Amino acid sequence: MFRLLVVIMIVVPAIEILGLITVGGLIGGFETFILILLTGFVGAFLAKNEGSKVMNQARFEMSNGRVPAGSILDGICIFSGGLLLLTPGFLTDTVGFLLVLPMTRGFFKGWILYFIKKLMSRGTIIRF
């Protein structure tokens with residue numbers, strides 16, 4: 001797991017730099033800078049709005065005596081997506097938008113749930 005994290009920490013920034021240089025060469029440096037700022041602001045706005053919706057849904061579920069498991073997974077996706085959207089680069093912005101938008105979030109929720117179940121079966125995560 002640590003090796004994968006190290007590879008990601010090296011490869012993703014390299015891809016981001018390559019993407020920024022390529023886009024800057026195509027549309028210009030200033031326009032690329034504005035595009036990066038725009039995706040950051042739009043991403044923060046979307047993450048805030050989606051986060052509010054999920055928080056309200058979780059409150060509703062808890063007030064009805066249900067565990068808000070789906071809302072918790074949505075919250076994890078939105079938080080992660082928001083962080084990625086604030087990171088400069090087009091690859092992280094793309095993944096961030098996919099995590100924040102409700103129509104594509106389901107894929108990631110399934111993956112996170114699979115990962116949590118896998119950790120629980122190994123005994124890495126203990127549930128009470």
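On a predicted model such as this, the values are computed, not experimentally measured, just so you know.
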Exercise. Quick one: side-chain hydrogen bond (donor to acceptor under 3.5 Å, both in side chains) pairs with a partner in residues 12-21, sequence neighbours left out?
Worked result: Glu16-Thr92
Seminar exercise, completed: Contacts satisfying side-chain hydrogen bond (donor to acceptor under 3.5 Å, both in side chains) that involve residues 106-116 (not counting sequence neighbours) are Asp74-Lys109
My understanding is that only residues two or more places apart in sequence, or in another chain, count here; which of them pass side chain to side chain contact (heavy atoms under 4.5 Å, CB included) with [X]?
X: Leu18; value: Thr22
X: Val11; value: Val7, Ile15
X: Ile10; value: Val6
X: Glu50; value: Lys53, Ile78, Val100, Pro102, Arg105

Please determine whether residues [X] and [Y] belong to a single hydrophobic cluster, defined as Ile, Leu, Val, Met, Phe, Trp and Tyr linked transitively by side-chain heavy-atom distances below 4.5 Å.
X: Leu113; Y: Ile72; value: yes
X: Leu73; Y: Met103; value: no
X: Ile36; Y: Phe30; value: no
X: Phe90; Y: Ile34; value: no
X: Met120; Y: Ile76; value: yes

Problem set entry | Ser121 OG to Lys117 NZ distance, which is reported to the nearest 0.5 Å | 10.5 Å
Problem set entry | Pairwise distance CG(Asn64) to CE(Met62) - rounded to 0.5 angstrom | 11.0 Å
Problem set entry | Within-4.5 Å side-chain heavy-atom neighbours: Leu46 and Leu85 | no
Exercise. Are any of the side-chain heavy atoms of Thr104 and Phe97 separated by less than 4.5 Å?
Worked result: no
Side chain to side chain donor-acceptor pair (under 3.5 Å) against [X], all qualifying residues, sequence neighbours excluded:
X: Thr39; value: Asp93
X: Gln57; value: Glu61
X: Thr32; value: none

For this session: For residues Ala44 and Leu86, report the shortest heavy-atom separation together with the two atoms involved.
Result: CB-CD2, 4.3 Å
For this session: Identify the heavy atoms of Gly82 and Ala47 that sit nearest to each other, and give their distance.
Result: CA-CB, 4.1 Å
Got a sec, which hydrophobics cluster with [X], joining ILVMFWY side chains under 4.5 Å apart, including via others?
X: Leu99; answer: Leu84, Val95, Leu98, Phe107, Phe108
X: Met55; answer: none
X: Ile21; answer: Ile17

For this session: Using modelled atom types only, decide if a donor and an acceptor are shared between the side chain of Ser80 and the backbone of Cys77 within a distance under 3.5 Å.
Result: no
